[in-house]
> 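Sending over a structure as structure tokens; questions will come in a sec.
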Protein chains: 2
Amino acid sequence: MSYRGGVADTPAQPRRPRRSPGAGERQRDPERTKARILDAAKAEFGAKGFAAARISDIADRAGVNKQLISYYFGGKEGLYTELADRWRETSAAMARPEAPLDAVVAGFVMSTVHDWDWARLMAWVNMSGSAEQTPASEAEAQFMRAQVTELKNRQAAGEIPADLDPGCLLLALFAAASATVTLPRIAELISGADPQSATFTSRYAEQLALLVRHLQHPA
Amino acid sequence: MSYRGGVADTPAQPRRPRRSPGAGERQRDPERTKARILDAAKAEFGAKGFAAARISDIADRAGVNKQLISYYFGGKEGLYTELADRWRETSAAMARPEAPLDAVVAGFVMSTVHDWDWARLMAWVNMSGSAEQTPASEAEAQFMRAQVTELKNRQAAGEIPADLDPGCLLLALFAAASATVTLPRIAELISGADPQSATFTSRYAEQLALLVRHLQHPA
DNA sequence: TCCATAATCATCCAGTGGGTTGATTATGTC
DNA sequence: GACATAATCAACCCACTGGATGATTATGGA
């Protein structure tokens, strides 16, 4: 038995066997091609992680010659960092300032439904990234600090128990909200349902929100 | 720049250049050798995950010829499953029945200090394992179910709010307790400290325990 | 002491996978 | 229409990696 990368690949596009020009459709369209490669890469990297992902698989999924990955992104590593960078930007932009905390957490959980691959990619980046390796962009640190002060404000406003350290709380909430993605097997074992499914995810999101509310207003 | 596996390798043994017989020490000792290989594998797999780990690195770290990995464990995959199996047994045995919940959670967090590699391995297994791939041993499922009923009991005893689903709560606690291992980069960003360090880990453990207590007794 | 066998090693082998090369075909412009 | 250039592809290359082979040495028993 050869090792197959983790978690079933996302069904994804029906994977047309060969792209036929299609009336009115350009047959050379660098933007489209790049987008396709990025999508495919997101799916593959998300499913298997960097090391286990194969650029030929990515190319196949994108319906494109694998050389284009070098051509556009400078190889596997370039493609990966491109995606990682985009994720950082996205997550930095994701800072929703003044929603209730339980809603923020639940929303984060739910976001994994719409973009499972993206969430998985985040998880891989976090799991395998160390400080020396990828120096954690200043923007990223900024974002985290902002989130911490966010929590601190909520704490000052009495939304959160005063004796909890905002940093640790943030970390815990982050981890809990990522649970379906980072611990899919346990999630499945516990719930009996597919951790990717909307039904389970929304239930879990709701429960987490409830938990947060319990922290806020005494039970 | 070639991709280096995630998270700095554990310092580990000083990696003796060549094992010299050493007075009174057997120079052929299969048990010792196997143990060394397992330790090295745990460290390598833990640091980089299955796909990125190299059996030659494992062999080097163990100070042993790489062929012995095939000899004793039937290759890379066999070695990995061996470790994964051991982890499952260990974690199944880890079921401490009647400690207070906050202590259980804190203890789980603290366990990552003494055996970081092991915790990382767990994280990789969970992250990359899907149901089809490794059918989640019955024992494993049993263990999880047991934990859930454990929580249910605590809930019945009024330790936990009645409206929380025990399964979801377990998942959330599990994820939160694994945070330093599964999200080391975020942990580092938030705390400014090394997520592997005992100081940070114990602080985080304490905070999580506090959080659990807040769930139990209204703030 | 000698032998059978287990343990260990150095070396080789073949498959894989990422990357490169050079050719080919669109596309836009003059 | 012709040309320059961008986009795309098929084929090849070679480093790496996991595993296999066969030799060698220790160990324990007869």
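Protein chains get the first letters and strands the later ones, always in sequence-line order, with residue 1 at the start of each.
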> From CG of D60(B) over to P of dC16(D), roughly how many Å is that when rounded to an integer?
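That distance rounds to 15 Å.
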
> Output the rounded distance in Å from CD (E31(A)) to C1' (dT8(D)).
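Answer to the nearest Å: 15 Å.
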
> Over how many whole Å does the gap from L68(A) atom CG to dA10(D) atom P extend?
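Rounded to the whole Å, the gap is 10 Å.
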
> Quick one: does S178(A)'s side chain have a donor or acceptor within less than 3.5 Å of a partner on V181(A)'s backbone?
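No: the side chain of S178(A) does not pair with the backbone of V181(A).
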
> Among R54(B), R61(B), R120(B), which one satisfies salt bridge (charged side-chain N to carboxylate O under 4.0 Å, His left out) with E44(B)?
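Option passing the salt bridge (charged side-chain N to carboxylate O under 4.0 Å, His left out) with E44(B): R61(B).
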
> With the sugar-phosphate defined as primed atoms, P, OP1 and OP2, and the base as all remaining atoms, what B/S/- string results for nucleotides 18-25 of chain C, 5' to 3', for protein heavy atoms under 4.0 Å?
BBBB---B

> Kindly state whether the ring of F174(B) and the ring of F108(B) have centres lying under 6.0 angstrom apart.
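Yes - the distance between ring centres of F174(B) and F108(B) falls below the 6.0 Å cut-off.
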
> Do any side-chain nitrogens or oxygens of T33(B) fall under 4.0 Å of OP1 or OP2 in dA7(C)?
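Answer is no, no contact under 4.0 Å.
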
> Please state whether the rings of F45(A) and F50(A) are parallel, tilted or perpendicular, taking 30° and 60° as the class boundaries.
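Parallel, since the angle between the ring planes stays under 30°.
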
> Just wondering, are more than 12 heavy atoms of other shown residues or ligands nearer than 6.0 Å to CD in E82(B)?
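Buried by this count: over 12 neighbours within 6.0 Å.
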
> With a cut-off of 6.0 Å (strictly less than), are more than 12 heavy atoms of other residues, nucleotides or ligands near CD of E206(B)?
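Atom CD in E206(B) is not crowded, with 12 or fewer foreign heavy atoms closer than 6.0 Å.
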
> Report the distance from atom CZ of R36(A) to atom P of dA7(D), rounded to the nearest whole Å.
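About 15 Å, once rounded to whole Å.
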
> Give the rounded distance in Å between these two atoms: CZ of R32(B) and P of dA6(C).
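So the two atoms are 19 Å apart, to the nearest Å.
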
> According to a strict under-4.0 Å criterion, is Y71(A) in side-chain N/O contact with OP1 or OP2 of dT8(D)?
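False: Y71(A) side-chain N/O out of range (4.0 Å or more) of dT8(D) OP1/OP2.
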
